[in-house]
Amino acid sequence: MRAHRLALAFTTLVASLAASGCKKAPEPAKAGACPTCVTATDHGFVPAHLEVAKGAPGSKVALTFTRETDDTCALDVVFPELEMKKPLPLKVPVTVEIPADEARTLTFQCGMAMYKSSVVVR
Ligand SMILES: [Cu+2]
């Protein structure tokens, strides 16, 4: 009887240890950690709206796009105003340089213009 109870306690202990070992805390969202990074998710571009500081004449800002899933329509990022289209390979950061010497709003979107997002230069 006692042996059985011990065995049961041991099993419970092992089970709880295993469970806690599996429970990895989700990565905390690093808000603002990278103000020029955009992720292409199954919900579109995240964040869908960003702002960059206007710079000196001729200056540019590099935005980094990373597609995190195959379950998205955002296989490319398109900047219509800049006539720029860049393919987004899965989990490969892609740098896009945009002009930042003029205050304006630039749209960026997926290849079919479903996911519309914007970057404001100001
Ligand atoms: Cu689309």
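Start at 1 and go down the list; that is how both ligands and their atoms are numbered. Note that the coordinates shown come from a computational prediction; the quantities given were computed from them, not determined experimentally. Residue numbers run from 1 in the order of the sequence given.
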Val119/Phe79 under side chain to side chain contact (heavy atoms under 4.5 Å, CB included): CA gap, chis, key distance, verdict:
CA-CA 10 Å; Val119 53; Phe79 284 81; 4.1 Å; yes
Could you go through His49 and Ser117, starting from their C-alpha distance and side-chain angles, then the distance that decides it, and tell me whether this counts as side chain to side chain contact (heavy atoms under 4.5 Å, CB included)?
CA-CA 6 Å; His49 179 86; Ser117 305; over 6 Å; no
Can you list everything that forms a salt bridge (charged side-chain N to carboxylate O under 4.0 Å, His left out) with Asp71? Sequence neighbours excluded, please.
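Listed in chain order: nothing, the list is empty.
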Please determine if Glu51 and Arg122 form a salt bridge, counting it only when a charged side-chain N lies under 4.0 Å from a carboxylate O.
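Yes, charged N to carboxylate O under 4.0 Å.
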Between Phe65 and Phe108 (judged by ring centroids, cut-off 6.0 Å), do the two rings come close enough to count as a pair?
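Between Phe65 and Phe108, the centre distance is under 6.0 Å.
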Testing the basics here: between Lys86 and Val94, what is the closest heavy-atom pair and its distance to 0.1 Å?
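It is CD-CG1, 4.1 Å.
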At a cut-off of 2.8 Å, what protein N/O/S atoms sit near the Cu ion (ligand 1)?
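For the Cu ion (ligand 1), the protein N, O and S atoms that sit under 2.8 Å away are Cys73 SG, Cys110 SG.
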